[in-house]
Peer 1: 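Have a look at this one before I ask anything.
Chain letters run A, B, ... following the sequence lines, proteins first and then strands; every chain starts at 1.
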Number of protein chains: 2
Amino acid sequence: MRSIGKRIELLKVVAHPVRIKILEELTKGVKCVSDFEEFLEISQPNVSQHLSLLRRFGVIDYYVDGRLRCYFLKDPIVPDIIKLLNRDYYEELPAPACCPVTKKGKYPGQKRR
Amino acid sequence: MRSIGKRIELLKVVAHPVRIKILEELTKGVKCVSDFEEFLEISQPNVSQHLSLLRRFGVIDYYVDGRLRCYFLKDPIVPDIIKLLNRDYYEELPAPACCPVTKKGKYPGQKRR
DNA sequence: TAAAAATATAATAATATTTGAATATATTGT
DNA sequence: ACAATATATTCAAATATTATTATATTTTTA
């Protein structure tokens with residue numbers, strides 16, 4: 001069971017536009033590096049770097065097939081993060097329950113200008 | 001409705017140990033800056049900096065009570081992110097379904113050494 | 001066995017994030 | 001009006017992240 005610190009690190013590693021695209025693609029199935037090169041519009045070394053970062057954090061793993069590397073998802077939190085990212089939220093959170101809530105002050109005072 | 005880019009930015013802003021602590025605290029109720037100072041072990045200006053970053057991204061907001069600022073959660077994705085972070089995962093994802101899945105290669109080959 | 005293909009690694013440069021220190025602002029109480 | 005309190009802002013230094021370029025490694029194929 002991962003520490004809270006590790007979980008936050010993981011979240012940070014995942015929170016990058018290219019890496020999210022990679023992971024979304026991997027939720028659909030196995031992909032090799034050149035598959036990614038096609039639809040991400042970045043250089044091959046950059047793809048490799050993102051993949052290797054994700055691997056270093058245990059997010060993904062791969063099988064070797066000749067000169068190909070077939071990457072796949074490993075960390076079970078990933079599909080949940082992706083679902084969360086695609087969920088739509090229409091309303092702000094409701095204002096907190098009223099009056100002296102903080103230790104020193106009372107809520108609500110004036111709305112910030 | 002937020003673009004996917006904005007959602008990822010949001011995730012990145014949230015993925016920081018101090019800011020997660022702030023947000024976890026705010027899920028329990030309204031807090032003012034000096035409340036945070038007590039249990040985060042960082043300087044007052046640094047608390048303010050994190051709060052102001054979170055505010056800039058619309059994650060939190062505040063009411064003014066005299067010289068206090070009573071902060072509260074605003075973005076509805078936050079409680080879901082926190083739940084996700086605290087969820088326990090015991091198993092790795094199952095290996096993907098077998099054989100020719102990538103465009104060019106076959107999966108699985110040899111497991112990486 | 002040499003060339004080509006697929007991918008990785010290393011070094012660097014550009015940029016962004018984080019913190020700390022000093023200072024500023026606003027509000028209350030005297 | 002002045003001092004004290006609560007908080008914010010600004011600037012700079014330290015550090016981390018990202019992308020680019022060049023090069024290396026591994027495997028297959030000719």
Peer 1: Find which nucleotide of DNA chain D each of A/Ser43 and B/Gln44 is nearest to by heavy atoms, and output the residue with the more 5' nucleotide.
Peer 2: B/Gln44

Peer 1: Using OP1 and OP2 only, check whether a side-chain N or O of A/Tyr71 sits under 4.0 Å from C/dA6.
Peer 2: no

Peer 1: Going by number, which of residues 7-18 of chain B have a non-hydrogen atom under 4.0 Å from DNA chain C?
Peer 2: B/Lys12, B/His16

Peer 1: Using heavy atoms to find the nearest nucleotide of DNA chain C for A/Glu37 and B/Asn46 separately, return the residue whose nucleotide is more 5′.
Peer 2: A/Glu37

Peer 1: Does C/dA6 have OP1 or OP2 sitting under 4.0 Å from an N or O in the side chain of A/Arg69?
Peer 2: no

Peer 1: Checking B/Lys6 now: which residues fulfil side-chain contact (heavy atoms from CB on, under 4.5 Å) with it, not counting sequence neighbours?
Peer 2: B/Arg2, B/Ser3, B/Glu9

Peer 1: Just jot down the side-chain hydrogen bond (donor to acceptor under 3.5 Å, both in side chains) partners of A/Glu25, sequence neighbours excluded, or say none.
Peer 2: A/Lys28

Peer 1: Would you indicate what B/Ser48 reaches in the nucleic acid, counting non-hydrogen atoms under 4.0 angstrom: base, sugar-phosphate, or nothing?
Peer 2: base

Peer 1: Kindly say if A/Ser34 contacts the phosphate of C/dA5, meaning a side-chain N or O under 4.0 Å from OP1 or OP2.
Peer 2: no

Peer 1: From CD1 of A/Ile22 over to P of D/dT18, roughly how many Å is that when rounded to an integer?
Peer 2: 12 Å

Peer 1: Round to a whole Å and report the spacing from CZ of B/Arg56 to C1' of D/dT10.
Peer 2: 13 Å

Peer 1: With 3.5 Å as the limit, what N/O pairs link the protein to nucleotides 10-13 of chain C?
Peer 2:
| unit_1 | atom_1 | unit_2 | atom_2 | d |
| --- | --- | --- | --- | --- |
| C/dA10 | N6 | A/Gln49 | OE1 | 3.2 |

Peer 1: Return no unless some side-chain N or O of B/His50 is found under 4.0 Å from OP1 or OP2 of C/dT19.
Peer 2: yes

Peer 1: Roughly, in whole Å, what's the span from CG in B/Leu53 to C1' in C/dT18?
Peer 2: 10 Å

Peer 1: Using atom CG of B/Leu68 as one end and atom C1' of D/dA8 as the other, report the distance to the nearest whole Å.
Peer 2: 14 Å

Peer 1: Under a 4.0 Å threshold between the charged nitrogen and the carboxylate oxygen, would B/Lys83 count as salt-bridged to A/Asp80?
Peer 2: no

Peer 1: Do the charged groups of B/Arg55 and B/Asp61 touch, with an N to O distance under 4.0 Å?
Peer 2: no

Peer 1: Can you name the residues that form a side-chain hydrogen bond (donor to acceptor under 3.5 Å, both in side chains) with B/Lys12, not counting sequence neighbours?
Peer 2: none

Peer 1: When you check every protein heavy atom under 4.0 Å of nucleotides 24-29 of chain D, what one-letter string (B, S, -) results, 5' to 3'?
Peer 2: ---BB-

Peer 1: Report the distance from atom CD1 of A/Ile20 to atom P of D/dT18, rounded to the nearest whole Å.
Peer 2: 12 Å

Peer 1: For A/Phe72, what residues pass the ring-ring contact (aromatic ring centres under 6.0 Å, His included) criterion, not counting sequence neighbours?
Peer 2: A/Tyr63, B/Tyr107

Peer 1: Taking the side chain as every heavy atom from C-beta outward, state whether B/Val78 and B/Asp75 have any atom pair closer than 4.5 Å.
Peer 2: yes

Peer 1: For A/Glu24, enumerate each residue passing the side-chain hydrogen bond (donor to acceptor under 3.5 Å, both in side chains) test, keeping only those at least two apart in sequence or located in another chain.
Peer 2: A/Asn86

Peer 1: Sequence neighbours left out, what passes side-chain contact (heavy atoms from CB on, under 4.5 Å) with B/His16? Give chain and number order.
Peer 2: B/Val18, B/Arg19, B/His50

Peer 1: Taking only residues two or more places apart in sequence or in another chain, which ones pass side-chain contact (heavy atoms from CB on, under 4.5 Å) with A/Gln44?
Peer 2: A/Glu37, A/Ser48

Peer 1: Could you give all pairs that pass the ring pair (Phe, Tyr, Trp, His ring centres under 6.0 Å) test and reach residues 18-47 of chain B, with sequence neighbours left out?
Peer 2: none

Peer 1: Not counting sequence neighbours, which residues clear side-chain contact (heavy atoms from CB on, under 4.5 Å) with B/Pro45? List them please.
Peer 2: B/Ser43

